[in-house]
Amino acid sequence: MDYFRRTRVKEIISGQKADQKVIILGWARTKRLSKNVGFIEINDGSSLHNAQLVFSPPGDFPELERIITGTSLRVVGKVVKVEGREQAYEVHAEELEIVGECSQDYPLQKKRHTFEFLREIAHLRPRTNTFGVINRFRSKLSHCIHEYYQQRGFYYIHTPIITTSDCEGAGDLFQVTTLPLKELAEKKTELDMDKDFFAEKAYLTVSGQLEGELMCTALGDIYTFGPTFRAEKSYTSRHLSEFWMMEPEMAFCDLDEMIILIEDFLKHLISYSIEQCEEEMAFFNQWIDKGRQKVLQSIVESDFAKITYTEAVDILKKSKRNFEFPVGWGLDLQSEHERFLSEEYFKKPVFVTDYPRDIKAFYMRVNEDEKTVRAVDVLVPLVGEIVGGSQREERYDYLRKNMVQQGMDIEEYQWFLDIRKYGTVPHSGFGLGFERMLMYLSGMTNIRDVMPFPRFPRSAKF
RNA sequence: UCCCCGAUAGCUCAGUAGGUAGAGCAGGUGGCUGUUAACCACCGAGUCGCAGGUUCGAGUCCUGCUCGGGGAGCCA
C-alpha cells in the first residue's frame with residue numbers, strides 16, 4: 001500500500017497540502033453523481049470532516065458505479081483551493097481504486113441513527129460522525145490526564161487487574177477461576193479452592209487504591225489509570241461493568257490539599273478540552289448538547305462549591321423540597337439529593353466533605369469528632385458523583401480498629417497495615433470515573449455511548 | 001431486583017373507532033452542466049418482537065415471555 005506516502009484527510013482540509021499531488025486512503029461517506037461531474041466525500045478517521053473528491057468527467061472513472069457509502073478507496077489527486085463553497089480545499093481525482101467494496105446491506109446511512117440502534121452495531125458505529133468524535137476525544141483526554149500528572153512529578157503505576165482482596169469496600173466482584181465449573185456442577189462436588197489457579201479465590205479489581213497507597217509511600221506521588229470491574233447489576237445510564245478509572249495517591253497530603261489538586265485537575269481537563277479539542281467540543285455543542293461549551297467555560301472561571309456533609313444535610317432540610325427519600329444526618333445522600341445540590345442549589349460542581357464514618361469505607365481518616373471521616377465526593381450536574389476520595393487513615397491503631405469492626409481478616413490485610421507501621425505518613429487519594437468525565441464534558445447522556453465497547457449485565461458483545 | 005414506557009420494511013417513523021399495512025431515507029434502474037444528508041422519475045422490499053387468548057375478524061384489546069429505553073438502588 002501507500003501507508004507511509006498517503007496524506008491524511010485532516011492535512012488536506014487544513015490547507016497544508018495545497019497544490020500538491022496526494023494519495024488518500026479512506027472510506028466513502030457519500031457519493032453525488034451527475035453527467036459532467038461527480039463527488040465523493042472521503043473520511044479516513046483523522047478528522048470529523050471529510051475531504052471532497054471531484055471526478056470530472058465521471059465517465060473517466062468507471063469504478064464510481066460500484067462505490068456506495070462505506071466503500072474503502074485509494075485515490076490519487078491534486079489538492080485545489082476553491083472559493084465560495086462549504087469546503088476551502090478539495091481534491092481533483094486522477095486515479096481511483098476500490099480497495100474493498102461495501103455490501104449493499106451496510107447499516108450505516110447518510111442520516112442520523114439513534115444511539116440505541118448504533119449500540120447494537122458497536123463494531124460499525126466507530127465509523128459514524130458522533131463516535132468518531134467521541135473516540136478521538138477519549139484518546140486526547142487520556143493523553144491529557146497522563147500529561148497533567150507526569151508534568152507534576154507523579155509516576156504512572158500499573159496496579160494488578162487480578163486481586164485476592166474481596167472487601168475493598170466498593171461493590172460486587174467478578175470471580176476469576178480456571179476450575180472446570182461445568183464438570184464440577186455435574187458431579188456436584190464441593191469446590192476445592194486449593195485446586196484453583198491461584199489456590200485461593202481471585203477477582204477482577206474494583207480499584208487500584210490499596211496498591212496505590214503502597215506505592216505512594218515509596219514514590220511519593222503516583223497515579224493509576226486502567227480498567228476497573230464491578231459486578232453489580234446496575235441498569236442505568238451511568239454505570240458499566242467495566243470502566244476506566246484514574247486514581248492518584250499522594251503522600252504527605254491532607255484532604256484540604258487534595259481538594260485544591262482535584263479542582264485544578266478537573267478545571268485543567270475542561271480547559272484542555274476547550275483549547276485542544278476544538279473540533280470535538282464544537283461538535284458536542286452543536287449536536288449533543290447546545291450550550292455545553294458555555295457551561296464548561298463558566299465552570300473554569302468560577303470556584304467549585306465546597307460544603308461538608310453536615311452542611312449539605314442542612315441545605316436539603318431547609319430546601320422544603322418533597323424528596324422521595326428521607327434527609328437526615330447519618331443517612332446516605334440519595335441521587336435526588338445530590339442532583340438538587342449540584343443542579344439546582346449550586347448549579348456547578350460541589351465538593352461534599354466529612355461524611356459520617358458509618359456510611360463510608362474503613363480506610364478513611366477519622367476526624368477529631370470521632371463521628372465523621374475525611375472523605376470527599378465531587379458532584380456535578382447531569383452526571384452525579386464524578387470523583388470520590390479521602391484522606392487515608394494513617395494511624396495504625398485507628399485503622400486496625402476499623403478493620404476489626406468491619407469484620408475484616410486482619411492477617412490477610414497485614415500488608416495494608418504494615419505501611420502504617422513502617423514510617424507512616426498522612427496521605428490522600430481519589431478516583432475519577434473516566435467515562436463520567438467524558439459524559440460531563442461532551443453532554444452525552446448514556447455512559448454506554450462514551451465507552452467504545454461497553455460491558456453491562458447480559459451484554460459483553462464485540 | 002423494583003417502577004414506568006416501547007417493539008410495524010435495512011434505518012427513522014405513521015397507522016385513525018378492532019376490517020388483512022404506508023411515507024421518507026437506504027438499495028436497484030434511468031435522468032440531470034459543481035453537488036453539499038444533492039435533486040427528479042420509476043422499481044423491489046414486511047410471519048406488524050415471540051407464544052397464547054378474546055372476536056366472524058387483531059398491527060390495534062387481554063395475559064405471559066424476550067429484547068430495548070428511562071428512572072430507583074449500588075457506585076466512579
Side-chain angles (χ1 to χ4, degrees), chain A residues 29-41 49-58 65-66 68-70 80 82-87 90 92 102-121 124 128-129 168-173 206-209 225-247 323-325 332-339 359-361 377-380 383-389 430-440 445-451 456-459:
Chain A
R29 279 297 181 79
T30 174
K31 177 179 80 171
R32 295 180 285 271
L33 283 186
S34 65
K35 201 173 187 178
N36 298 327
V37 65
F39 304 93
I40 285 178
E41 286 188 37
H49 304 288
N50 308 318
Q52 174 157 281
L53 308 171
V54 185
F55 299 88
S56 180
E65 295 295 323
R66 292 166 23 227
I68 62 168
T69 300
V80 177
V82 287
E83 303 290 341
R85 304 248 165 77
E86 280 184 22
Q87 62 285 349
E90 55 190 30
H92 287 208
C102 186
S103 174
Q104 282 172 18
D105 56 7
Y106 188 54
L108 294 175
Q109 296 171 21
K110 300 185 280 188
K111 62 161 194 168
R112 265 184 98 91
H113 287 289
T114 60
F115 288 135
E116 290 80 13
F117 170 67
L118 292 173
R119 270 172 224 149
E120 293 167 13
I121 51 166
L124 297 173
T128 63
N129 286 343
E168 290 172 23
D172 301 331
L173 298 95
V206 292
S207 165
Q209 181 198 320
F225 187 17
T228 304
F229 307 88
R230 304 274 167 93
E232 277 107 10
K233 291 195 173 166
S234 301
Y235 295 93
T236 81
S237 54
R238 52 184 196 287
H239 288 88
L240 288 171
S241 308
E242 178 182 297
F243 63 98
W244 284 64
M245 188 155 68
M246 180 285 134
E247 299 176 285
F323 291 113
E324 193 186 334
F325 292 90
D332 221 339
L333 297 180
Q334 303 292 319
S335 272
E336 57 174 347
H337 306 143
E338 297 183 345
R339 273 211 312 275
I359 58 173
K360 286 291 182 183
D377 282 357
V378 178
L379 312 177
V380 298
V383 179
E385 189 180 337
I386 203 165
V387 162
F430 67 89
L432 169 81
F434 186 56
E435 284 75 21
R436 289 192 179 172
M437 190 66 201
L438 288 171
M439 290 171 77
Y440 182 62
T445 53
N446 194 313
I447 199 164
R448 296 171 189 181
D449 297 327
V450 295
M451 180 64 124
F456 46 95
R458 304 184 65 83
S459 181

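The figures that follow rest on heavy atoms only: side chains count, while hydrogens, waters and symmetry mates do not. Chain letters run A, B, ... following the sequence lines, proteins first, then strands; residues in each count from 1.
- One interatomic measurement links the two molecules: CD of A:E65 to C1' of B:rG31, which rounds to 13 Å at whole-angstrom precision.
- A donor-acceptor pair is defined here as one N or O able to donate and one able to accept, closer than 3.5 Å; such a pair exists between the side chain of A:E336 and the backbone of A:E324.
- Of the side-chain N and O atoms in A:R32, one or more sit less than 4.0 angstrom from OP1 or OP2 of B:rA38.
- Using atom C1' as the reference point in both B:rG57 and B:rG19, the two lie 7 Å apart (nearest Å).
- In this structure, CG of A:L118 is placed 12 Å from P of B:rG69, rounded to the nearest angstrom.
- Residue A:P107 is the one, among A:P107 and A:V82, whose nearest nucleotide of RNA chain B lies closer to the 5' end (criterion: closest heavy atom).
- When all heavy atoms of A:R238 and A:V383 are compared, the pair lying nearest together is CD-O, 3.5 Å.
- Judged purely by distance below 3.5 Å, without hydrogens or angles, the side chains of A:S207 and A:E247 pair a donor atom with an acceptor atom.
- Ring pair A:F434/A:F225: centre-to-centre distance below 6.0 Å.
- A:T69 comes within 4.0 angstrom of no nucleic acid atom, judged by non-hydrogen atoms across all strands.
- Separating the CZ atom of A:R230 from the P atom of B:rA76 is a distance of 5 Å, rounded to the nearest angstrom.
- We find that CD of A:E41 is positioned 13 Å from C1' of B:rG34, with the value rounded to whole Å.
- Look at A:D172 and A:R230 and you find no salt bridge, because none of the NZ, NE, NH1 or NH2 atoms lies under 4.0 Å from a carboxylate O.
- Looking at heavy-atom distances under 4.0 Å, A:F243 makes contact with a base.
- Here the shortest heavy-atom pairing between A:T228 and A:V206 reads CG2-O, 3.1 Å.
- The backbone N or O of A:T236 sits nowhere less than 3.5 Å from a side-chain atom of A:H239 that would complete a donor-acceptor pair.
- Residue-to-nucleotide contacts include no donor-acceptor pair under 3.5 Å from the side chain of A:E86 to the base of B:rG34.
- The residues A:K360 and A:D332 are annotated as not salt-bridged, no charged nitrogen and carboxylate oxygen being separated by less than 4.0 angstrom.
- In this structure, the side chain of A:T69 engages the main chain of A:R29 through a donor-acceptor pair within 3.5 Å.
- The stacking criteria are not both satisfied for A:F39 over the base of B:rG34, which would need a centre-to-centre distance under 5.5 angstrom and an angle between ring planes under 30 degrees.
- No N or O donor and acceptor, one from the side chain of A:E232 and one from the base of B:rU1, sit under 3.5 Å apart.
- For the atom pair A:M437 CE and A:I386 CD1, the distance stands at 5.0 Å (nearest 0.5 Å).
- Nearest nucleotide to the side chain of A:Q52, out of B:rU36, B:rG27, B:rC11: B:rU36.
- Taking the C1' atom of each, B:rA72 and B:rU20 are spaced 43 Å apart, rounded to whole Å.
- Taking only side-chain atoms of A:L240, from C-beta outward, the nucleotide of B:rG34, B:rA38, B:rA76 with the closest atom is B:rA76.
- Distance noted for atom C1' between B:rA26 and B:rG64: 37 Å (whole Å).
- Although no hydrogens or angles enter the test, the distance criterion places no donor-acceptor pair under 3.5 Å between the side chain of A:R339 and the main chain of A:G384.
- What separates CD1 of A:I447 from P of B:rC75 is a distance of 15 Å, to the nearest Å.
- Rounded to whole Å, the C1' atom of B:rA7 lies 14 Å from the corresponding atom of B:rG46.
- Residue contacts for A:E247: at a heavy-atom cut-off of 4.0 Å it reaches no nucleic acid atom on any strand shown.
- In this structure, A:E435 reaches neither bases nor backbone, as no heavy-atom distance under 4.0 Å exists between it and the strands shown.
- Note: A:H337 and A:F323 meet the aromatic proximity criterion, with ring centroids under 6.0 Å apart.
- Taking only side-chain nitrogens and oxygens, A:K35 comes nearer than 4.0 Å to OP1 or OP2 of B:rC32.
- Put simply, A:R458 has a side-chain N or O that comes within less than 4.0 Å of OP1 or OP2 on B:rC67.
- By the 4.5 Å heavy-atom criterion applied to side chains, A:P457 and A:S234 are not counted as neighbours.
- When every heavy atom of A:Y235 is checked against every heavy atom of A:R458, the shortest pair comes out as OH-CD, 4.1 Å.
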Could you go through nucleotides 70-73 of chain B and list every protein N or O atom that sits under 3.5 Å from one of its N or O atoms, giving the distance for each pair?
unit_1	atom_1	unit_2	atom_2	d
B:rG70	OP1	A:N446	ND2	2.9
B:rG70	OP2	A:N446	ND2	3.4
B:rG71	OP2	A:S237	OG	3.0
B:rA72	OP1	A:R339	NH1	2.8
B:rA72	OP2	A:R238	NH1	3.3
B:rG73	OP1	A:Q334	OE1	2.7
B:rG73	OP1	A:S335	N	3.2
B:rG73	OP2	A:S335	OG	3.0
B:rG73	N2	A:K233	O	3.2

Please encode protein proximity along nucleotides 43-50 of chain B as a string of B, S and -, counting only heavy-atom distances under 4.0 Å. --------
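- Atom-to-atom, CG of A:L53 to P of B:rG34 comes out at 18 Å; the value is rounded to the nearest Å.
- When the P atom is compared between B:rA41 and B:rC25, the two are found 9 Å apart, to the nearest whole Å.
- Closest contact between the side chain of A:T30 and the listed nucleotides B:rA26, B:rU35, B:rA37 involves B:rA37.
- Between A:E120 atom CD and B:rC11 atom P the separation is 8 Å, expressed in whole Å.
- As rounded to the nearest Å, B:rG68 and B:rU12 have P atoms that lie 15 Å from one another.
- Here the closest heavy-atom approach between residue A:S56 and residue A:V37 is recorded as CB-CG2, 4.4 Å.
- Comparing A:V37 and A:K31 by the nucleotide of RNA chain B that holds the closest heavy atom to each, the one mapping nearer the 5' end is A:V37.
- Spacing of C1' atoms, B:rU63 relative to B:rG22, comes out at 30 Å, to the nearest Å.
- At a cut-off of 3.5 angstrom, counting only N and O atoms as typed in the model, there is no donor on one side facing an acceptor on the other between the side-chain of A:R112 and the base of B:rC25.
- Going from the P atom of B:rU66 to that of B:rU29 covers 44 Å, rounded to whole Å.
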Dot-bracket pairing map - RNA chain B, Watson-Crick plus G-U, both contacts under 3.5 Å, | cross-strand: (((((((..((((.....[..)))).(((((.......))))).....(((((..]....))))))))))))....
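- The distance from atom CZ of A:F434 to atom C1' of B:rA76 is 13 Å, rounded to the nearest whole Å.
- Within 4.0 Å (heavy atoms only), A:L33 reaches at least one base atom of the nucleic acid.
- An OP1 or OP2 oxygen of B:rG34 is reached within less than 4.0 angstrom by a side-chain nitrogen or oxygen of A:S34.
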